[in-house]
2 protein chains.
Amino acid sequence: MGRTPPHPEASQFDLQRILEALVDPVRRSIITQLDASDEDIKCGAFDIQVSKSTATHHFKVLREAGLIRQHYVGTSRMNTLRRAEVDEVFPGLLDALTTHRAKER
Amino acid sequence: MGRTPPHPEASQFDLQRILEALVDPVRRSIITQLDASDEDIKCGAFDIQVSKSTATHHFKVLREAGLIRQHYVGTSRMNTLRRAEVDEVFPGLLDALTTHRAKER
DNA sequence: ATCGAAGTTTGACAGCGATCGTACTTATGC
DNA sequence: GCATAAGTACGATCGCTGTCAAACTTCGAT
């Protein structure tokens, strides 16, 4: 294992894929938590109520859609929001979801 | 039949509902076609490759999410995009989907 | 009054995806 | 080396949703 998993380039971002990733509340919560943090967050440190195997699945979906970047630090996998790249391809999309009004709804 | 179906008010818009509506390609196509048109479009006039009953289902999902408004004109049901209202509650969301770059992806 | 056009409703079906437990892998620390 | 911690991989379920056909409703036109 251990190696860096595959990430799509920004030029390959697909709207359908990204929306499918964002429609799940757990995944959207992950995005929101990343957006609110100044630092990378390791998989186990998120506030989500699902099992580890389910969490792995969600991170994979987010990564393959291009929304997050993952790299290993020891046995932990760190997650970064690919804000700038997503914003460039789909301007306004993440803002619409991370706005206060959006989070309350 | 004939009467105007129920529509949620803008104050009741729910992000989860709206994303679930927008994640389907057929429904997103309906939104895109409405956005590109200056006038209301009747259900039968959309360029979508699904049966009538499936189309009815999609319009219902869009309407109940608050994305479109529907009213009868004769036997036809006219559809309007609730642009301003959606923009006010979730600014940038529809723009992100109706942009040229988004449509090409 | 009849017919056709436009949608709706209902029921059925198929496929996908979120979920979990279990077993496995990899790295760190003692 | 061994135990533990952090994730991953693999099946198996199970519910949801997109799809359609068929029967029905409503309105408009003839």
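Chain letters run A, B, ... following the sequence lines, proteins first, then strands; residues in each count from 1.
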Asks: Which residue pairs pass the side chain to side chain donor-acceptor pair (under 3.5 Å) test when at least one of the two sits in residues 17-26 of chain B, sequence neighbours left out?
Replies: B/Gln16-B/Glu20
Asks: Between B/Ser29 and B/Pro25 (side chain of the first, backbone of the second, donor and acceptor by atom type, cut-off under 3.5 Å), is there such a pair?
Replies: no
Asks: Could you state the atom-to-atom distance from CD1 of A/Ile68 to P of D/dG7 in whole Å?
Replies: 12 Å
Asks: Write down the distance between CG (B/Asp24) and P (C/dG17), rounded to a whole number of angstrom.
Replies: 12 Å
Asks: Does a side-chain N or O of B/Thr54 approach OP1 or OP2 of D/dC20 to a distance below 4.0 Å, or not?
Replies: yes
Asks: Residues of residues 40-52 of chain A with any non-hydrogen atom less than 4.0 angstrom from an atom of DNA chain D: list those, numerically ordered, please.
Replies: A/Lys42, A/Cys43, A/Gly44, A/Lys52
Asks: Starting at atom CZ of A/Phe59, determine the distance to atom P of D/dA6, rounded to an integer number of angstrom.
Replies: 14 Å
Asks: Hey, could you give me the CG/CZ distance between B/Leu15 and A/Arg28, rounded to the nearest 0.5 Å?
Replies: 4.5 Å
Asks: Between the main-chain N or O of A/Gln70 and the side-chain N or O of A/Asn79, is there a donor-acceptor pair closer than 3.5 Å?
Replies: no
Asks: Nearest-nucleotide wise, let me know which of A/Arg27 and B/Ser76 is further upstream toward the 5' end of DNA chain C.
Replies: B/Ser76
Asks: Let's test your reading of the model: under 3.5 Å, does the base of D/dA21 pair with the side chain of B/Ser53 as donor and acceptor?
Replies: yes
Asks: Could you state the atom-to-atom distance from CG of A/Asn79 to C1' of D/dG7 in whole Å?
Replies: 11 Å
Asks: Which nucleotide, C/dA6, D/dG18, C/dT26, lies nearest any side-chain atom of A/Thr75?
Replies: C/dT26
Asks: A/His71 NE2 to D/dG7 P: how many Å, rounded?
Replies: 12 Å
Asks: Just to confirm, is there a sub-4.0 Å distance from OP1 or OP2 of D/dC10 to any side-chain nitrogen or oxygen of A/His57?
Replies: no
Asks: In whole angstrom, give the distance that lies between atom CD of A/Glu20 and atom P of D/dC16.
Replies: 19 Å
Asks: Rounded to whole Å, how long is the line connecting atom NE2 of A/His58 with atom P of C/dG17?
Replies: 13 Å
Asks: If you take all heavy atoms of B/Ala96 and A/Pro91, which pair is closest and at what distance?
Replies: CB-O, 3.5 Å
Asks: Start with the C-alpha distance between B/Arg83 and B/Leu94, add both sets of side-chain angles, then the distance that settles side chain to side chain contact (heavy atoms under 4.5 Å, CB included), and finish with yes or no.
Replies: CA-CA 8 Å; B/Arg83 246 287 182 192; B/Leu94 287 185; 3.4 Å; yes
Asks: Can you check whether B/Thr56 has a side-chain N or O nearer than 4.0 Å to OP1 or OP2 of C/dT9?
Replies: no
Asks: CD1 of A/Ile31 to CG of A/Leu97: how many Å apart, nearest 0.5 Å?
Replies: 9.0 Å
Asks: Closest approach to the side chain of A/Tyr72, judged atom by atom: which nucleotide of D/dG7, D/dT26, C/dT19 is it?
Replies: D/dG7
Asks: What is the separation between atom CD on A/Gln16 and atom C1' on D/dG18, rounded to the nearest whole Å?
Replies: 13 Å
